[in-house]
Amino acid sequence: MLTKRIIPCLDIKNGRTVKGVNFINLRDAGDPVELAKLYAETGADELVFLDISATEERRRTLTDLVKRVAKEVDIPFTVGGGVSSIEEAGVLLRSGADKIAVNSAAIKRPALINELSATYGNQCVVAAIDAKCIDEQWKVHLMGGKIPTDLELFAWAEEMESRGAGEILFTSMDHDGTKNGFANEALRKLSERLEIPIIASGGAGEISHFKDVFVEGKADAALAASVFHFKEINLAELKQYLKQNGIAVRLH
Amino acid sequence: MKVVLIDYGAGNIQSIQFALQRLGIVALLSKDPNEIRSADKVIFPGVGQASFAMKKLKEASLDSVIPELTQPVLGICLGMQLMCDATEEGNTKGLGIFKTKALRFNQNLKVPQVGWNEIRGLKSPLFEGVNEETYMYLVHSYYVPLTAYTIAQTTYGLPYSSGLRKDNFFGVQFHPEKSSKAGSVILQNFLNLTND
């Protein structure tokens with residue numbers, strides 16, 4: 001049976017993890033590769049690296065990081081952050097990334113999704129969508145959720161699918177950072193309307209939230225950052241809990 | 001041992017190269033027919049769209065080279081599907097090694113299938129030391145039905161072939177290079193195969 005995926009997300013700036021992570025057993029907790037290896041060994045099904053650096057060196061630093069991760073980590077990983085052309089995506093994929101997450105660039109130029117899908121296949125195209133519920137309407141936001149657009153979440157997700165996205169990574173700005181659970185209602189609607197898998201993001205605070213996002217939110221995968229980085233949730237315990245609650249997960 | 005990774009411009013071959021490096025093997029990336037013919041082991045990767053990949057294979061004349069290879073050959077993901085007679089993806093004619101056709105997953109499933117699923121019914125030296133119901137990482141929208149060549153199966157809506165074998169030709173639908181420790185056992189088993 002296909003299992004539900006648990007995906008730790010690492011924010012990267014200039015080749016280093018951004019948030020002060022709290023792992024005493026790592027030689028260098030700021031090194032994304034060390035952290036990625038630890039997660040892979042303790043039960044992560046995939047990893048996401050989001051690059052938020054804004055320097056001119058960004059591309060080269062990110063490419064170097066992707067190569068280092070691909071060399072040492074034996075599970076799939078997605079890279080996102082400012083990818084806006086098929087050339088840029090190609091460099092990251094050839095360096096060993098499995099998937100590319102595209103967010104603002106797809107809003108500015110939706111045909112990018114068609115181009116990426118036609119060139120590299122839809123399996124490596126993740127359409128990342130940040131949205132916030134305003135007056136009972138889910139509105140897509142740009143630039144990490146700072147700038148609202150006129151796009152409506154569900155229509156936009158369907159457009160991403162029809163243009164060739166292989167997965168949707170939906171972050172609810174209303175839930176992100178709250179630790180009160182995922183946006184299950186919106187997720188369920190996305191999951192029922194789209195044929196491609198949905199990755200839920202934003203709101204994870206305790207292990208029961210992961211059960212809820214799979215059962216109520218019908219998500220195919222759940223992404224979280226700080227609960228893993230700060231050891232509030234242990235990956236192995238989380239997966240045991242999900243299995244005990246009848247959710248198909250990969251144990252090893 | 002000379003391991004050649006067929007580099008025909010389709011797919012993420014870097015991951016396979018790194019996975020082999022973790023096993024102590026430096027694979028040669030090549031689309032040169034002579035290099036490929038002289039290898040001890042050949043890995044035929046594939047990620048992306050079938051008709052585009054077939055076009056790339058033809059441009060390098062590899063569509064006639066691959067079916068005539070006599071050493072162990074391992075097709076991965078789209079590589080395995082292209083070793084079949086045909087695939088529904090872009091109505092593409094394949095290399096005709098496995099007499100079967102890749103079909104699209106049923107409409108009421110999430111497509112592509114993305115994630116970890118079990119392999120069962122394992123029957124080849126390729127799976128030595130790998131337990132039944134081990135999880136492997138898969139990403140695909142088309143599947144090969146169960147056939148006489150099936151050496152591993154997985155269920156998604158229906159049981160299908162996640163491993164195929166005919167003589168020296170092996171194919172796996174999953175990505176051993178991305179399937180944690182069990183995946184590297186399968187790659188090591190492939191490297192250990194003898195040509196008999």
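Per chain, numbering begins at 1; letters A, B, ... match sequence-line order.
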Top contributor to chain B interface from A:G121, A:G166, A:S95 [non-hydrogen pairs under 4.5 Å]:
A:S95

Counting only heavy atoms not in B:E128, do more than 12 fall under 6.0 Å of its CD?
no

Enclosure of B:K166 NZ (heavy-atom neighbours >12, cutoff 6.0 Å):
yes

Would you say that B:V114 contacts A:K99 through its side chain, given a criterion of any heavy-atom pair below 4.5 Å between the two side chains?
yes

Looking only at heavy atoms, the pair that brings A:T119 and B:F52 closest together is O-CE2, 4.1 Å

Given B:S179, B:S184, B:P112, the one with more heavy-atom pairs under 4.5 angstrom with chain A than any other is B:P112

So CG of A:L194 and NZ of B:K110: to nearest 0.5 Å the spacing works out to 7.0 Å

Honestly, the part of A:L93 sitting under 4.5 Å from a heavy atom of chain B is backbone

With a 4.5 Å limit on heavy-atom distance, are the side chains of A:D74 and B:Y137 in contact?
no

Check whether A:A97 gets within reach of chain B through its side chain, its backbone, both or neither, counting any heavy atom under 4.5 Å.
backbone

Between B:W116 and A:D45, which heavy-atom pair has the shortest distance, and what is it?
NE1-O, 2.9 Å

Non-hydrogen atoms of chain B under 4.5 Å away: do they reach the side chain of A:E167, the backbone, both or neither?
side chain

If contact means a heavy atom pair closer than 4.5 Å, which residues of residues 18-32 of chain B contact chain A?
B:F18, B:Q21, B:R22

Contact origin within B:L109 toward chain A - heavy atom pairs under 4.5 Å:
backbone

Is it the case that over 12 heavy atoms from other parts of the model lie below 6.0 angstrom from the NZ atom of B:K2?
yes

To the nearest 0.5 Å, what is the distance between CD on B:Q113 and CG on A:D220?
10.5 Å

Shortest non-hydrogen separation from A:L2 to B:N117 and the atoms involved:
N-ND2, 3.3 Å

Can you tell which of B:Q17, B:E118, B:H140, B:K181 has the highest number of heavy-atom pairs within less than 4.5 Å of chain A?
B:E118

Supply the atom-to-atom distance A:E195 CD to B:N108 CG, rounded to the nearest 0.5 angstrom.
9.5 Å

Shortest non-hydrogen separation from B:S180 to A:R250 and the atoms involved:
CB-NH1, 4.1 Å

Minimum side-chain heavy-atom gap B:H175-A:P76 below 4.5 Å
no

Tell me, yes or no, whether the heavy-atom count around A:E185 atom CD, taken from other residues, nucleotides or ligands under 6.0 Å, exceeds 12.
no

Take A:Q123 and B:C77, measure what side-chain contact (heavy atoms from CB on, under 4.5 Å) needs, and give me the verdict at the end.
CA-CA 11 Å; A:Q123 82 293 330; B:C77 194; over 6 Å; no

